[in-house]
Protein chains: 2
Amino acid sequence: MASLTDHIENHLNKLLAISTRSYVEIQRAELARKFACAPSQVNYVLSSRFSLARGYLVESRRGGGGYIRIYRIASPQARNWAKTLSRMDAGSFDPVQARHFLKRICEEKALSQREAQVIKTLLQDKHYRGLDREDKINLQVKLFKATLEAVLRNSY
Amino acid sequence: MASLTDHIENHLNKLLAISTRSYVEIQRAELARKFACAPSQVNYVLSSRFSLARGYLVESRRGGGGYIRIYRIASPQARNWAKTLSRMDAGSFDPVQARHFLKRICEEKALSQREAQVIKTLLQDKHYRGLDREDKINLQVKLFKATLEAVLRNSY
DNA sequence: CCCTCATTGACCATTGCTGACCTTGCTGAC
DNA sequence: GTCAGCAAGGTCAGCAATGGTCAATGAGGG
């Protein structure tokens, strides 16, 4: 069911695709008018669909002549994923960010759709019902890291 | 005596039959309205008639613009694995057999080496240290099944 | 009379959307 | 220079729109 958020996401992705630069520049109010929604809806789309973990960078300026720029950032190399992975621990782990990370390396072609799907499954809280929060997070981190490392090991 | 459940099952099967895709997409509330029943009745139909054991997969999303998708697993072979999977539970689960199962579907080219590697990783006991034996087995079963379901869902 | 399958409702979780209020940058009057 | 005023964009709490779970209850068939 394509929601408004989905439509706006699509629109922005199209703009990015046809842009000759590495970014696309929009005006929040104008975009809101085009989709007949509240301006803050644009912020919602940006934060839920164009986050850093998904490989985008958003930059903006307020005031007269203000704008919002959305950059598609260049792909990190495989060794950087390892670094990112190693930085993850129970303390800072966030399943949402982890999912974004998966989507990202999937887009980089380092992971197939199916592989991503499999690993994403491990991040679903429902499988860990009955455990306390700490055990759950701990397992999610461990399995997430272990499985990704297994994949990356096998890609050479 | 055709029960409400039977009627809904029939309806969904018709939709599946005429669908051009490998799945049908519905909205729980809407379907409940059409059959004048409680929304949770739909969940009952899904779990009792469109289970993995019967060769179906169900995927859903909550929130505004949410949906429920029902997939019919296309290949008879895959339906067979699904049945095997659905029979696995904490009582009978055995990591050794699970590995054999992986090996088999790997040989049948339904699973890549890398995918198998990922799933094998989560069968390793070492990740579950600190949990009681029962919790461990429980998690291994759940994750094993859930990840393989993810593969099935993506094998079209 | 039981036992199993079917139904329901109360309560919960997740995602999307909006409006009220806040912050920042610019420009012009004085 | 500085202060008022307008023109952006930012934040966040809260409501809306979905679907999920589970325990209690009902209905039929043996």
Side-chain angles (χ1 to χ4, degrees), chain A residues 1-12 23-52 54 57-71 94-100 103 120-121 123-130 133 136, chain B residues 1-12 23-54 57-71 142 146 149:
Chain A
M1 292 268 97
S3 61
L4 218 202
T5 298
D6 294 333
H7 285 131
I8 299 178
E9 178 188 11
N10 274 180
H11 176 70
L12 293 175
Y23 63 86
V24 51
E25 185 170 310
I26 60 166
Q27 297 219 260
R28 191 178 76 148
E30 192 200 340
L31 192 58
R33 261 197 308 282
K34 183 173 319 205
F35 286 91
C37 65
S40 52
Q41 172 71 12
V42 174
N43 297 83
Y44 176 70
V45 175
L46 292 177
S47 61
S48 68
R49 307 288 150 91
F50 292 89
S51 64
L52 192 58
R54 280 177 134 156
L57 190 64
V58 175
E59 161 186 288
S60 65
R61 212 175 78 184
R62 310 186 189 195
Y67 59 82
I68 296 177
R69 272 190 204 148
I70 304 166
Y71 292 80
D94 170 10
V96 175
Q97 295 302 306
R99 270 190 277 274
H100 291 169
K103 185 170 183 226
K120 216 191 285 179
T121 303
L123 297 175
Q124 292 171 4
D125 282 2
K126 64 176 177 186
H127 302 306
Y128 304 86
R129 241 173 246 144
R133 191 189 139 69
K136 184 201 74 175
Chain B
M1 237 337 257
S3 64
L4 217 202
T5 298
D6 294 332
H7 285 132
I8 300 178
E9 178 188 10
N10 270 314
H11 176 69
L12 292 175
Y23 62 85
V24 283
E25 187 170 307
I26 59 165
Q27 298 219 252
R28 191 179 76 149
E30 193 200 339
L31 193 58
R33 262 197 308 282
K34 185 173 317 203
F35 287 91
C37 63
S40 52
Q41 173 73 11
V42 175
N43 296 82
Y44 177 70
V45 176
L46 292 177
S47 61
S48 67
R49 305 293 153 84
F50 293 87
S51 63
L52 196 59
R54 296 184 176 211
L57 277 165
V58 175
E59 165 184 282
S60 65
R61 206 173 95 186
R62 310 185 188 192
Y67 60 80
I68 295 178
R69 272 189 205 151
I70 305 165
Y71 294 79
K142 269 197 222 167
E149 279 168 36

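The shown structure was predicted, so the numbers you read here are calculated from the model rather than taken from an experiment. For the numbers below, each heavy atom of this structure counts, side chains included, while hydrogens, waters and symmetry mates do not. The sequence lines fix the lettering, A, B, ..., with proteins before strands; numbering per chain opens at 1.
Residue B:Tyr44 places no side-chain N or O under 4.0 Å from the OP1 or OP2 atom of C:dT7. Side-chain N/O atoms of A:Arg49 include one lying less than 4.0 angstrom from OP1 or OP2 on C:dG16.
No donor-acceptor pair under 3.5 Å is formed between the side chain of A:Asn10 and the backbone N or O of A:His7. A donor-acceptor contact shorter than 3.5 Å is absent between the side chain of A:Ser51 and the backbone of A:Ser48.
Atom-to-atom, CG of A:Asp6 to C1' of D:dT18 comes out at 14 Å; the value is rounded to the nearest Å. Summarising the geometry, the separation between CZ on A:Phe50 and C1' on D:dG9 is reported as 17 Å, rounded to the nearest angstrom. Whole-Å rounding puts the A:Gln41 CD to C:dT18 P distance at 6 Å. Counting to the nearest Å, the P atom of C:dT7 and the CG atom of B:Leu31 are 13 Å from each other. Going from atom CZ of A:Arg33 over to atom C1' of D:dA8 covers 12 Å, rounded to whole Å. Here C:dT8 presents its C1' atom at 17 Å from CZ of B:Phe35, a figure rounded to the nearest Å.
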### Task
Please lay out, stage by stage, how A:Phe50 and A:Glu9 fare under the test side-chain contact (heavy atoms from CB on, under 4.5 Å).
CA-CA 8 Å; A:Phe50 292 89; A:Glu9 178 188 11; 4.1 Å; yes

### Query
Can you list the steps and then say if B:Phe35 with B:Gln41 is a side-chain contact (heavy atoms from CB on, under 4.5 Å)?
CA-CA 10 Å; B:Phe35 287 91; B:Gln41 173 73 11; over 6 Å; no

### Task
Could you walk me through whether B:Cys37 and B:Ile8 pass the side-chain contact (heavy atoms from CB on, under 4.5 Å) test, one step at a time?
CA-CA 10 Å; B:Cys37 63; B:Ile8 300 178; 4.3 Å; yes

### Task
Please report the C-alpha distance between B:Arg49 and B:Leu12 in whole Å, then the side-chain angles of each, then the deciding distance to 0.1 Å, and finally whether the side-chain contact (heavy atoms from CB on, under 4.5 Å) criterion is met.
CA-CA 10 Å; B:Arg49 305 293 153 84; B:Leu12 292 175; over 6 Å; no

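Relative to the six-membered ring of B:Tyr71, B:Arg69 misses at least one condition, a distance below 6.0 Å or an angle of at most 45° to the axis.
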### Query
What would the secondary structure line of DNA chain C be in dot-bracket form, counting Watson-Crick and G-U wobble pairs under 3.5 Å, with [ ] for pairs that cross earlier ones and | for pairs with another strand?
||||||||||||||||||||||||||||||

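With no hydrogens or angles considered, no side-chain donor-acceptor pair links B:Asn43 and B:Ser40 at under 3.5 Å.
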### Query
Can you give one letter per nucleotide of nucleotides 19-30 of chain D, going 5' to 3': B for a protein heavy atom under 4.0 Å from the base, S for sugar-phosphate only, - for none?
BBB-------S-

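Between A:Gly64 and A:Pro39, the residue anchored closer to the 5' end of DNA chain C is A:Pro39, taking for each the nucleotide with the nearest heavy atom.
With a 4.5 Å cut-off on side-chain heavy atoms, B:Glu59 and B:Tyr23 do not count as touching.
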